[in-house]
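Following: one structure in structure tokens, then a few remarks.
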Amino acid sequence: MIPQHTNLINGEWLAGTGYVPNVNPSNLADVIGEYAQADVSQLGAAVAAAQRAFPAWSISGIQARADALDKIGNEILARKEELGTLLSREEGKTRAEGIGEAARAGNIFKFFAGECLRLAGETLPSVRPGIGVEVTREPLGVIGVITPWNFPLAIPAWKIAPALAYGNCVVLKPADLVPGCAWALADIIQRSGIPAGVFNLVMGSGRVIGDALVNHPGITAVSFTGSVGVGQRIAAACAGHMKKMQLEMGGKNPQVVLDDADLNIAVELCVQSAFYSTGQRCTASSRLIVTDAIYPSFIHAMQQRMAAIQVGDALAAGTDIGPVSSLAQLEQDLSYVDIGKAEGARLVAGGERLLRDADGFYMAPALLVDSTPTMRINREEIFGPVASVIRVKDYDEALAVANDTPFGLSAGIATTSLKYATHFKRHSQAGMVMVNLPTAGVDYHVPFGGRKGSSYGPREQGRYAAEFFTTVKTAYTLA
Ligand code: UN1
């Protein structure tokens, strides 16, 4: 019997118009469960429930909110192995990465449990004598949360936790490829004791449920992570309704390697940034920008290091890189390898589909060298285990190439020079800069987000999350 999972609307688990199977990308014969598909009227019921729950929840005591979030965080942490295994089974990142992500999600809830108690305001004197001014933050209302398939626990956590902490209600629409983690999270949130309607889970396709959510007049604000194309559609819809929005989209993150870099550190962080989590991170590095003198030894060392990478079942011990998440994604990744070759780049490692005992979407990580900044492989987000190397003469050219992109999420530099590291931190046009560290893999208590085409709206995570999930009120009192 394949287990069936339903939507959470107004505190009740409800079937929808049908079920879709959740298939393991490491083994297509393994069906994790069937997940209910909501229709638009159920989405409407979820939003209405959240609207009804909002007045009481928004003025509920901060202790009750902190206790609920702490309880959610504790349960996630206590079950991190089981939840991490589910994550790696449905998404395809390795079990170690899945458990790490589950722990991150638990810690995010615990961080925002504390933030419930730390939401401070300001008091100032007025320019008019005898008047006092208070600046406070209030919740927004009902937040529509739309999450991607590549971080099925951490990204829902880092949107839901601050939304609830600051007194908002939530309707979550997870990516249809990974409903398992979203359902498990909804179950934990539901049992934390928060009132019915404060949190709702509505599963279904982006075109139907996502669109209806964004356009629903009861939704005050939308927090989205996903592709640039969908982000642009959401932005247009939100602007039409004058809704607040927070969009985290693509990346084409540069990783600079300078002549003075420690070669071992440089290779390790490039392999991690480009290929771990199967390259399926908006923070992944897909443009390796390498200066002349170190270029030949860097390519050689990358080829040797990549030969040792084990691609296999995400749940198997010893696997470094699991499968690509879906057939459509695999086809896109493989097609970019062909595009790169046709543009004149040289494939020196991987780039082909791999067969394993079980039928799955396996791909050998690809390294394309002698690429140039204008090639499509260096301008478009691929979102898979495909990296290209650009040769530059010096640091100045490296910085210019790093910034020559429509994106601006994360940027890294491998160098032993304090001068270049300091200059790069100051002049990189990215929201996050890494020195001798991978471009991907961020902390949960500090701001996350980018510039240009990567992000729109206030930052996520840490106490900066309050910028998006609250609205400011300025009150004047005659003393
Ligand atoms: C990370 O690199 O640790 O969708 C997080 C993504 C990002 C999250 C990356 N929003 O890949």
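We count ligands from 1, going down the list as the structure has it; atoms in each ligand are counted the same way.
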Derivation of the ring-ring contact (aromatic ring centres under 6.0 Å, His included) call for Tyr420 and Tyr395: CA-CA 8 Å; Tyr420 290 134; Tyr395 168 75; 4.6 Å; yes
Nearest heavy atoms of Pro254 and Ser410, plus distance in Å: CD-O, 3.4 Å
Whether Phe112 and Tyr166 hold their rings parallel, tilted or perpendicular, with breakpoints at 30° and 60°: perpendicular
Contacts of type ring-ring contact (aromatic ring centres under 6.0 Å, His included), residue His427, not counting sequence neighbours: His423
Expected output: side-chain His216 to main-chain Gly218 donor-acceptor under 3.5 Å: yes
Does ligand 1 have any N/O atom under 3.5 Å from a protein N/O, and what are those pairs and their distances?
| unit_1 | atom_1 | unit_2 | atom_2 | d |
| --- | --- | --- | --- | --- |
| ligand 1 | 2 (O) | Thr283 | OG1 | 2.5 |
| ligand 1 | 2 (O) | Gly441 | N | 2.8 |
| ligand 1 | 3 (O) | Arg104 | NH1 | 3.3 |
| ligand 1 | 3 (O) | Arg104 | NH2 | 2.7 |
| ligand 1 | 3 (O) | Gly441 | N | 3.2 |
| ligand 1 | 3 (O) | Val442 | N | 3.0 |
| ligand 1 | 4 (O) | Asn150 | ND2 | 3.1 |
| ligand 1 | 11 (O) | Asn150 | ND2 | 2.9 |
| ligand 1 | 11 (O) | Cys282 | N | 2.6 |

Parallel, tilted or perpendicular, as decided by the 30° and 60° cut-offs, for the rings of Tyr35 and His5: parallel
